[in-house]
Protein chains: 2
Amino acid sequence: MAAKRSGARSKRSQRVSERLQPVQEPRSEPPLSRERIVATAVELLDDRGVDGLTMRGLADRLGSGVMSLYWHVDNKEDVFDLALDSVLEYRGPPQIVESQDWREEVVHLLEDWRASMLRHPWSASLLPRRALGPNILSRLELLSMTLSRAGVADADLNVAIWSLWNYVMGATITRASFDVSDDDRAAAQQRLTRLSERYSTIERSRLLLDNDWDGAFRKGLAFLLDGLAPR
Amino acid sequence: MAAKRSGARSKRSQRVSERLQPVQEPRSEPPLSRERIVATAVELLDDRGVDGLTMRGLADRLGSGVMSLYWHVDNKEDVFDLALDSVLEYRGPPQIVESQDWREEVVHLLEDWRASMLRHPWSASLLPRRALGPNILSRLELLSMTLSRAGVADADLNVAIWSLWNYVMGATITRASFDVSDDDRAAAQQRLTRLSERYSTIERSRLLLDNDWDGAFRKGLAFLLDGLAPR
DNA sequence: GAGATGACTCGTGCGATGTACGAGTCATCG
DNA sequence: CGATGACTCGTACATCGCACGAGTCATCTC
């Protein structure tokens, strides 16, 4: 019987190149592959959100049977893990100016991180409960190196990294979830107004209506960096 | 036919007090109520996590039929919303010393927030996608007032609040998810070691093994507060 | 060639889930 | 006494993840 790939992911042999030209029914879909599955899962997640991803729906969109997916993928959780990491690849800072000051590099890395997740809002709610894939680790490594080269003491390095991570995660997750429910936010602010004696301060500052997310993110990040490495 | 409560939650009439003593079968459970449902949902979430909460399981634990729940509650999402907010009530700072300096008040509020969520780890992964209940809003109001009284300019208030929110949410969510998967974390660090040429910096600082979550939270928060309101 | 191997696909079927529907119970009121 | 309305609950259904095992086909071994 088929030996079904074990926990350690063994890629299928790349005999694809040696395949004869697919004379049979050239209109049929290309063969399944982990990459194609992941890419399609990302599409589907973008279209329909976390709850919209079902193995049946994924198979439909791939033109395959449901159970074929399980050859390439362990289970549905695996699909989430792979989709998440695939969306978080980092291409590095713009190379126009090579060695800028470290603050700009950190800001770029983190703003890009946030942007990548907001491009796929499901990723924000997914990241917290999932494993750290290679792309995520690469980003952490790069961040770590930059901070270290910037002179952050080794003893403070972990605190600094986690602080930035926390800030970015919180900001992104919050933004992504509020973005989905713009109406809810207005409704919430209205509820506030109705109860204005209990929530007068946040009602007055229109906390829930403030729409300058990008600006707030940048400003808050600047504050945090000021605290981490006073200029 | 029963008029099933509409969107606006109409509480059941509190005719409970006028009930005759429940002579019939004193061993049966007390009657269903929204409060009892929510409390039991919290128990069940604590025991079995987010995926462990099912309407059937909830009904079982309450000794009721499944569909009876739907009289008191709109749907499963509603249960999550209510459980989440019920867990985030804030009792205020220790009143031993009434008017401390504002930093201490803020730190206490936020550390308590984090602690409340970590006591119920499911709440961390739930908060991002759910509505803001009254308890959550109260906390925001109090935070806002404290910062305002501390002299934070109105123009910076929203940024300050969201920065702190982001930090706390990120820290708590991260902590809660890593806590669940302590082994995974060790495994991840081992993977790092195996690939140490690619991830040398975070491997060296043992980023994924650092266990002083509380200390890191406090230190990072101090950094952020330094940035927000330099002393 | 013949047969074995193993990569890959897929149909069927099971158990679990959220909840719509409508029928049931019972205290209260006019 | 009959009506009302608050509340309970059994049945039923569509949908889900996935276990199982049978099927296809290219390649390898002798």
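Letters A, B, ... are given to chains in the order of the sequence lines, protein chains preceding strands, and every chain is numbered from 1. Computed from a predicted model, the values in this text were never measured in an experiment.
- If you take OH of B:Tyr70 and C1' of C:dA20, they are 10 Å apart, rounded to a whole angstrom.
- Taking atom CE of residue B:Met67 and atom P of nucleotide D:dG10, one finds them 11 Å apart after rounding to whole Å.
- Listed by chain and residue number, B:Asp85 satisfy the side chain to side chain donor-acceptor pair (under 3.5 Å) test with B:Asn135 (two or more places apart in sequence, or in another chain).
- Side-chain contact between B:Leu140 and B:Ile161: present, with at least one pair of heavy atoms (C-beta onward) separated by less than 4.5 Å.
- For the contact set between residues 49-58 of chain B and DNA chain C, defined by any heavy atom under 4.0 Å, the members are B:Leu53, B:Thr54, B:Met55, B:Arg56.
- Applying the salt bridge (charged side-chain N to carboxylate O under 4.0 Å, His left out) rule to B:Asp47 yields the partners B:Arg61; only residues at least two apart in sequence or on another chain are considered.
- Shown here are the side chain to side chain donor-acceptor pair (under 3.5 Å) partners of A:Asp214, two or more places apart in sequence or in another chain: A:Arg114.
- At least one side-chain nitrogen or oxygen of A:Ser68 sits closer than 4.0 Å to the OP1 or OP2 atom of C:dC10.
- Applying the salt bridge (charged side-chain N to carboxylate O under 4.0 Å, His left out) rule to B:Asp81 yields the partners B:Arg130; only residues at least two apart in sequence or on another chain are considered.
- In this entry the distance linking NZ of B:Lys76 with P of D:dC16 reads 15 Å, nearest Å.
- Comparing B:Asn75 and A:Leu69 against DNA chain C, the residue whose closest nucleotide sits nearer the 5' end is A:Leu69.
- Residues passing the salt bridge (charged side-chain N to carboxylate O under 4.0 Å, His left out) test with A:Arg218, sequence neighbours excluded: A:Glu111.
- Distance, B:Trp71 CH2 to D:dT8 P: 9 Å, rounded to whole Å.
- Atom-to-atom, CZ of A:Phe80 to C1' of D:dG17 comes out at 11 Å; the value is rounded to the nearest Å.
- Within the 4.0 Å cut-off from OP1 or OP2 of C:dA7, not a single side-chain nitrogen or oxygen of A:His72 is found.
- Residue B:Arg48 contributes atom CZ, which lies 13 Å from atom P of C:dA16 at whole-angstrom precision.
- Here C:dT17 presents its P atom at 10 Å from CG of B:Asp60, a figure rounded to the nearest Å.
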